[in-house]
Amino acid sequence: MDVRVVGAGPAGLMAAEVLSVGGAKVTIVDHHRSPARKFLLAGRGGLNLTNAEPMDRFLTRYGESRSLLEAALREYPPVSVVEWCEKLGMPTFTGSSGRIFPKCMKASPVLRAWLRRLEEQGVQLESASAWNGFEGVPTILAMGGASWPELGSDAAWVPLFEKAGVKVNPFLPANGRQLVPWTEHFSSRHAGQPLKNVTVTVTGHTSRGELIISRDGLEGGAIYALSGLLRQASQITIDLKPDLSIEEINTRFSWPRGKESRSNYLRKRFGLTPAAISLMYEAKAESPKSVVLSTTGPADIRRAISSAGGVAWDEIDENFRLKKFRHVFVVGEMLDWDAPTGGYLLQACFSTAVKAARAMLDYSSTPTRNSTA
């Protein structure tokens with residue numbers, strides 16, 4: 001069976017591997033000259049492959065898309081990603097947060113080993129080749145979403161889908177910077193500084209982690225985990241000391257300040273950093289437990305880590321096959337789902353690719369089905 005995979009990112013490469021192991025003759029087509037450029041970017045700070053938390057908790061990270069992704073995530077769970085990486089000759093380790101990384105902490109050696117294995121399995125890679133539409137060749141599409149377009153995910157495929165009558169929900173930024181109208185005084189002094197071990201609350205939902213102050217907003221894991229809610233919110237509340245109760249905060253505030261400046265008082269009584277103290281001033285907050293900020297929405301999707309939106313779920317079946325083009329499967333960030341950073345993004349890309357590739361192999365090996373493709 002000759003099969004085409006369009007897109008040489010992690011979802012496309014994983015689909016190609018499963019197909020080639022299953023006996024298919026696979027050609028990967030990609031419009032860039034080098035594969036997996038966004039994968040390489042993601043690995044610059046440590047390649048977070050997946051997460052070791054219990055599956056029931058893991059699945060909640062996909063929010064409203066859980067029911068649509070669960071079968072694929074259970075079929076190819078985090079332990080399978082670890083086994084895959086180990087077989088590439090890349091040992092892994094689990095960090096204190098549950099995040100799983102290759103010990104090399106980089107994407108480039110993982111990608112080199114992966115491409116070498118695909119080549120040994122006979123997979124062909126056609127670079128600088130664009131996808132031109134729904135031809136009759138069995139195809140898995142893995143062309144990504146709409147973040148970091150210069151690295152490949154430029155959503156150039158959307159008009160072709162819409163022309164063919166396949167619904168694509170608008171792309172929205174996810175896991176990106178949230179814009180905050182800082183004063184120049186604050187942003188010029190604290191851009192790039194972290195706020196560690198804080199909680200962020202949006203419309204009753206809370207996330208804990210680190211924030212990074214940027215020139216025009218906030219980013220970091222505690223913000224990324226609330227991306228979906230932040231797209232519809234205009235206010236966030238930050239707790240700079242989540243391990244201290246309100247009673248303990250009030251007790252410490254009752255201690256006399258004397259001639260100390262308020263900044264020194266906050267630093268000594270609560271262990272706050274200069275950036276955290278300045279943030280309280282910026283927000284006119286009386287307590288480190290409740291720093292309320294107005295937000296003006298997410299930053300440009302072109303610099304978001306990932307994107308929400310994509311091919312609508314009612315356009316595909318349980319194996320991610322298009323209902324209108326039965327020889328075509330869609331995987332990875334082309335589909336309309338969202339998840340925070342922490343290993344959940346790559347895991348869903350891998351899992352959807354594996355499920356689609358296995359379904360394609362089963363579909364093509366059944367004569368009665370194959371004749372109707």
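Small disclaimer: the values here were computed from a predicted structure and weren't measured.
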**OP:** Please lay out, stage by stage, how Glu75 and Ser351 fare under the test side chain to side chain donor-acceptor pair (under 3.5 Å).
**Re:** CA-CA 7 Å; Glu75 183 176 324; Ser351 296; over 6 Å; no
Original post:
With the threshold set at 4.0 Å, does a side-chain nitrogen-carboxylate oxygen contact exist between Asp216 and Arg303?
Top reply: no
Original post:
Ion pair present between Lys289 and Glu248, side-chain N to carboxylate O less than 4.0 angstrom?
Top reply: no
**OP:** Apply side chain to side chain donor-acceptor pair (under 3.5 Å) to the pair Glu17 and Trp84, showing each step before the final yes or no.
**Re:** CA-CA 11 Å; Glu17 180 169 351; Trp84 164 81; 3.1 Å; yes
Subject >> Note: Arg302-Asp154 ion pair, threshold 4.0 Å (strictly below) >> reply: no
Subject >> Test log, rule side chain to side chain contact (heavy atoms under 4.5 Å, CB included), inputs Ile140 and Met360 >> reply: CA-CA 9 Å; Ile140 291 183; Met360 177 174 278; 3.8 Å; yes
**OP:** Let me see the working for Phe161 and Trp131 under ring pair (Phe, Tyr, Trp, His ring centres under 6.0 Å), right down to the final yes or no.
**Re:** CA-CA 11 Å; Phe161 269 65; Trp131 178 69; 5.8 Å; yes
Subject >> N-O pairing of Arg177 and Asp300 below 4.0 Å >> reply: no
Original post:
Is the closest side-chain donor-acceptor distance between Ser147 and Lys38 under 3.5 Å?
Top reply: yes
Original post:
To the nearest 0.5 Å, what is the distance between OG (Ser127) and CD1 (Ile28)?
Top reply: 9.5 Å
**OP:** Would you mind reporting whether Arg66 and Arg61 have side-chain heavy atoms less than 4.5 Å apart?
**Re:** no
Subject >> Glu315/Lys167 ion pair, N-O < 4.0 Å >> reply: no
**OP:** Indicate the ring-plane relationship of Phe186 and Trp182, choosing parallel, tilted or perpendicular according to the 30° and 60° boundaries.
**Re:** tilted
Original post:
Do the non-hydrogen side-chain atoms of Ser307 and Leu172 ever get within less than 4.5 Å of each other?
Top reply: no
Original post:
Taking the six-membered ring for Trp, are Tyr62 and Phe58 parallel (under 30°), tilted (30 to 60°) or perpendicular (over 60°)?
Top reply: tilted
Original post:
Salt bridge or not for Arg215 and Glu184, using N-O below 4.0 Å?
Top reply: yes
Original post:
Between Tyr224 and Ile236, is there a shared hydrophobic cluster once you connect ILVMFWY residues whose side-chain heavy atoms come closer than 4.5 Å?
Top reply: yes
Original post:
Looking at Phe93 versus Phe101, is the centre-to-centre ring distance below 6.0 Å?
Top reply: yes
Subject >> side chain to side chain donor-acceptor pair (under 3.5 Å) between Thr295 and Gln235, worked out >> reply: CA-CA 5 Å; Thr295 61; Gln235 184 175 284; over 6 Å; no
Original post:
Taking the side chain as C-beta and beyond, is there a heavy-atom pair between Val110 and Pro102 under 4.5 Å?
Top reply: yes
